[in-house]
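Everything on this sheet refers to the single structure shown next.
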Amino acid sequence: RWARLGLAGLAVVSAVALAGCGQDVQVASPKDPSNESPCDLVPGQTVHELGFHQEGEEAADGCTWKTGEGGVQLSIGVAPDRSLQDYRDEAGKYSDFGELTIGGHPAVRANSGNPREDGRCELVVAANDEQAVAAKAKIPSGATADPCALAQQALAEHIETARLDYLRVMKEKNITEDFGMLRFFR
């Protein structure tokens with residue numbers, strides 16, 4: 001009897017796992033970032049380490065930090081009503097488009113110009129299958145810094161913070177990522 005129940009449980013888990021296999025964006029440790037203040041998407045210590053010593057300015061589309069001189073800017077926010085797949089589907093409209101991985105999550109570089117020449121870069125990372133978080137970096141013209149590296153570092157810290165939050169919640173709910181619930185059926 002327990003063996004049949006165990007097989008039925010395994011079949012249900014397998015069916016649920018396979019149901020998501022047709023999607024192009026697979027996100028481990030998914031999170032809903034729209035529940036957070038945009039200025040909290042990147043840890044304050046990271047923002048400070050990136051050279052921003054003033055509070056971020058929250059707006060409808062995210063949070064923006066500026067250096068004291070105002071030359072360098074970093075904005076981060078949840079891409080409204082857009083998933084990473086939406087950006088992929090529109091790849092042709094960007095002159096600088098590329099796939100990458102940030103913190104183990106699928107991401108894209110989606111820019112209308114050349115980031116090195118323009119001093120502007122937008123990177124977008126999947127927060128879950130239906131939402132994305134975008135980081136836009138702007139550096140002054142003539143600067144040698146890479147705006148994409150700044151955006152990528154901010155998103156990498158966002159992903160790490162989100163991953164740690166996800167694991168903390170999983171632990172609090174006594175859930176393991178390896179389907180530990182199947183131990184019941186042994």
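By convention here, the first residue in the shown sequence is residue 1.
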Quick check: do I76 and V133 have side-chain heavy atoms less than 4.5 Å from each other? yes
Is any side-chain heavy atom of S95 closer than 4.5 Å to a side-chain heavy atom of N111? no
Does R109 count as lying over the ring of F97, i.e. NZ or CZ under 6.0 Å from the six-ring centre, within 45 degrees of the axis? no
Restricting to salt bridge (charged side-chain N to carboxylate O under 4.0 Å, His left out), what partner residues turn up for D40, sequence neighbours left out? none
Are S37 and E58 linked by a side-chain donor-acceptor pair shorter than 3.5 Å? yes
Can you see which heavy atom on V78 is nearest to which on L41, and at what distance? N-CD1, 4.3 Å
Using the rule given for side-chain contact (heavy atoms from CB on, under 4.5 Å), can you reason through V42 versus L155, listing the C-alpha separation, both sets of side-chain angles and the distance that settles it, and then say yes or no? CA-CA 7 Å; V42 178; L155 286 175; over 6 Å; no
Would you give the length of the straight line joining atom OG of S75 to atom CD of E122, rounded to the nearest 0.5 angstrom? 10.0 Å
Counting distance only, does the side-chain N/O of D86 pair as donor-acceptor with the main-chain N or O of S83 below 3.5 Å? yes
Atom of I139, atom of P147 and distance for their closest heavy-atom approach: CD1-CD, 3.7 Å
List the atom of P140, the atom of V72, and the distance in Å for their closest heavy-atom pair. CD-CG2, 3.8 Å
What's the shortest heavy-atom distance between I159 and A126, and which atoms? CD1-O, 4.3 Å
4.5 Å side-chain heavy-atom contact, L100 and I102: yes
Contact between R88 and P106 at the side-chain level, heavy atoms closer than 4.5 Å - yes or no? yes
Is there a side-chain contact between D146 and R116 (heavy atoms, below 4.5 Å)? yes
As an exercise, state the distance from CG of D96 to CZ of R120, rounded to the nearest 0.5 Å. 14.5 Å
Surrounding CD of E157 (heavy atoms of other residues, nucleotides or ligands, distance under 6.0 Å), is the total greater than 12? yes
Could you go through the salt bridge (charged side-chain N to carboxylate O under 4.0 Å, His left out) check for R82 and E90 one step at a time? CA-CA 11 Å; R82 297 195 72 193; E90 297 172 351; 2.4 Å; yes
Nearest non-hydrogen partners of Y87 and A110, listed with the distance: CD2-CB, 4.1 Å
Tell me, with the steps shown, if L50 and L150 meet side-chain contact (heavy atoms from CB on, under 4.5 Å). CA-CA 8 Å; L50 291 174; L150 176 60; 3.9 Å; yes
May I ask you to test the T64-L74 pair for a side-chain heavy-atom distance under 4.5 Å? no
Give me the atom names and distance for the closest heavy-atom approach of A107 to L84. N-CD2, 3.8 Å
When you measure from the side chain of N128 to the backbone of Q131, do you find a donor-acceptor pair of N or O atoms at a distance under 3.5 Å? yes
Is the shortest heavy-atom distance from the side chain of F52 to the side chain of T46 under 4.5 Å? no
In Å, rounded to the nearest 0.5 Å, how long is the span from SG of C63 to CD of E55? 8.5 Å
Is it true that, when you exclude E99 itself, more than 12 heavy atoms of the residues, nucleotides or ligands shown sit nearer than 6.0 Å to its CD? yes
Would you find a donor on one side and an acceptor on the other, under 3.5 Å apart, between the side chain of T101 and the backbone of G104? no
Anything under 30° is parallel, anything over 60° is perpendicular, the rest tilted; go ahead and classify H48 against H53. perpendicular
